[in-house]
Amino acid sequence: GDSVTQMEGPVTLSEEAFLTINCTYTATGYPSLFWYVQYPGEGLQLLLKATKADDKGSNKGFEATYRKETTSFHLEKGSVQVSDSAVYFCALTGGYQKVTFGTGTKLQVIP
Amino acid sequence: EAGVTQSPTHLIKTRGQQATLRCSPISGHTSVYWYQQALGLGLQFLLWYDEGEERNRGNFPPRFSGRQFPNYSSELNVNALELEDSALYLCASRGQTPYEQYFGPGTRLTVT
């Protein structure tokens, strides 16, 4: 079945540091890939998405590129802020069915 | 446009009781998904309803059930509650776009 593996956290960075959260996946066919963010005490918000190979999703300074050859969708941001502290989930879906999530990576940004 | 809403925000039950959680999708969305976010276990898919029918369910026992009403809102029922059912239960809705689900804030269920 489908699965998503993302790096374990927590990740602690200083403000303005560069962020990378690794994500790899296993899926049949050509899934769509997502990053969701969950701020403390809140539900999930869609951060960015990519629906086909080589697509780059971007939002709020975050980026991720759909790499079919390495089955990866790593999340990056050039300069993190304290307000980026949250749990980040990599996910995929084949379409109308369920979303398969990774286990989440907690990011803590310190001033 | 209002987002996905869930009620109640928090729910405290004792072992063996039943819990009912509710979800209202975004207006115009016909699909509703339920997920369980238990501590240390990530997000697990529970159920998918579309047009009033259960379309798929995850690897959960039958005491987890639900339904979708004609207005597309949905209810998740958990019978014979166990301590390990304590979790955040998230509802998501989807419109015509096949892959984009929008999540509600969740219901925190605590079983004592």
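These numbers come from the heavy atoms of this one structure, side chains and all, not from hydrogens, waters or symmetry mates. Protein chains get the first letters and strands the later ones, always in sequence-line order, with residue 1 at the start of each.
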**OP:** Just do the side chain to side chain contact (heavy atoms under 4.5 Å, CB included) check on A:Y36 and B:F103 with the steps written out, would you?
**Re:** CA-CA 10 Å; A:Y36 284 86; B:F103 284 79; 3.6 Å; yes
Check this for me: B:N71, atom CG, are more than 12 non-hydrogen atoms of other residues, nucleotides or ligands nearer than 6.0 Å?
yes
- Take B:L88 and A:Q38 through the test side chain to side chain contact (heavy atoms under 4.5 Å, CB included) and record every step on the way to the result. CA-CA 12 Å; B:L88 180 67; A:Q38 186 175 34; 3.7 Å; yes
When the 4.5 angstrom heavy-atom criterion is applied to B:L47 and chain A, the contacting part is neither
Fill in: Atom CD of A:Q81 with >12 non-hydrogen neighbours under 6.0 angstrom
yes
So, the part of A:T100 with a heavy atom under 4.5 Å from chain B: the answer is neither
B:Q18 atom CD: more than 12 heavy-atom contacts under 6.0 Å:
yes
d(B:Y102 OH, A:L46 CG) to nearest 0.5 Å is 7.0 Å
- Message: With a sphere of 6.0 Å drawn around CZ of B:F69, does it hold more than 12 non-hydrogen atoms of other residues, nucleotides or ligands?
- Response: yes
Open item on the list: Around atom CZ of B:R15, are there more than 12 heavy atoms from other residues, nucleotides or ligands closer than 6.0 Å?
Closed with: no
Would you find more than 12 non-hydrogen atoms of other residues, nucleotides or ligands less than 6.0 Å from B:L39 atom CG?
no
Okay, B:L90 and chain A: the region with an atom under 4.5 Å from a heavy atom over there is side chain
When every non-hydrogen atom of B:Y35 is compared with those of A:V99, the smallest separation belongs to OH-N, 3.0 Å
Taken to the nearest 0.5 Å, the spacing of A:F89 CZ from B:Q37 CD works out to 4.5 Å
- request: Verify the neighbour count for atom NZ of A:K106: are there more than 12 heavy atoms of other residues, nucleotides or ligands below 6.0 Å?
  value: no
To the nearest 0.5 Å, atom OH of B:Y33 lies from atom OG1 of A:T93 at 6.5 Å
